[in-house]
Amino acid sequence: MLALGRADRGRHTLRDARDRNLRLSPTLRNGRCQRNRLGPGGSQARSRALLSEGDAAERLYREAIAHFTKTRLRVDLARAHLLYGEWLRRERRRNDAREQLRTAHGMLETRGMTAFAERADRELRAAGGTAHQRTAPARHEELTAQEGQMARMARDGLSNPEIGIRLSISARTVQYHLRKVFTKLGITGRRWDACGSAPSGLPTLGLTE
């Protein structure tokens, strides 16, 4: 009797699941099917690529990118470009690596994934390239609160490690954000003068204390 009761409950559960699926709109049902078909395939190909070598690895990286391109999984697509670019750099195919890493950096930075964007930036520089900079606007872009805080500390003469200690982040992360600050301010580096005054544009951005 107990076994029959469990079987009945199992049949009811399956029937309820089938009924819920039938009530889904065709668009939602098709989208769900697409994610199930394409998403895991991309993840599996990416994971297998990490364990492969030579032509097999390249085929799997390309397969992962092709899969994720057909989905809305933009972060997974960016990571696939990043991993493929890193592999290409290790294979000494620097031109191909720069293309993949630059794509990954742009996608990751747009989505605010700082750690992965930094990683792509480091790999890109190691491959002899730099990330595409957005066209500078006629006026200076506004700094974020964290960028403004870093700019003030750099203006006051603090080194990247010292800034990192105060903000509880790594010196490498400080360097990454300061490069963005310099780009926004239209300068090429720490051009604070001996008196500690701010460079052109800093006061208008509310960075003076």
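Note that this is a predicted model, so its numbers are computed, not measured.
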Are the side chains of [Y] and [X] in contact, using a 4.5 Å heavy-atom criterion?
X	Y	answer
H177	V181	no
R74	T110	no
E109	F116	no
I65	Q100	yes
M153	E162	no
V75	R79	yes

Return the [atom1] to [atom2] distance between [X] and [Y], rounded to the nearest 0.5 Å.
X	Y	atom1	atom2	value
L178	N160	CG	CG	5.5 Å
L83	L60	CG	CG	12.5 Å
R119	R122	CZ	CZ	8.5 Å

Is there a continuous path of hydrophobic side-chain contacts, each under 4.5 Å between heavy atoms, that joins [X] to [Y]?
X	Y	answer
M113	L124	yes
L50	Y84	yes
Y176	I169	no

What pair of heavy atoms forms the shortest contact from [X] to [Y], and how long is it?
X	Y	value
A97	G85	CB-O, 3.5 Å
W87	G54	CZ2-O, 3.4 Å
G42	F68	C-CZ, 3.4 Å
A104	L82	CB-N, 3.6 Å
L88	E58	CD2-OE2, 4.4 Å
L108	A120	CD1-CB, 4.5 Å

task: Have a look at D76 and tell me which of H67, H81, R46 forms a side chain to side chain contact (heavy atoms under 4.5 Å, CB included) with it.
output: R46

Does [X], at its [atom1] atom, have more than 12 non-hydrogen atoms belonging to other residues, nucleotides or ligands within less than 6.0 Å?
X	atom1	result
R172	CZ	no
R166	CZ	no
R48	CZ	no

message: I'd like to check the side-chain hydrogen bond (donor to acceptor under 3.5 Å, both in side chains) partners of T173; sequence neighbours left out, ordered by chain and number.
response: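 Counting only residues at least two positions away or on another chain, T173 forms a side-chain hydrogen bond (donor to acceptor under 3.5 Å, both in side chains) with E118, S170.
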
- prompt: Would you call D121 and R125 a salt bridge, taking side-chain N to carboxylate O under 4.0 Å as the test?
  reply: yes

- request: Apply the salt bridge (Lys or Arg N to Asp or Glu O under 4.0 Å) test between D96 and each candidate in R93, R92, R94, R98; give the one that qualifies.
  value: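 Exactly one pass, corresponding to R93.
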
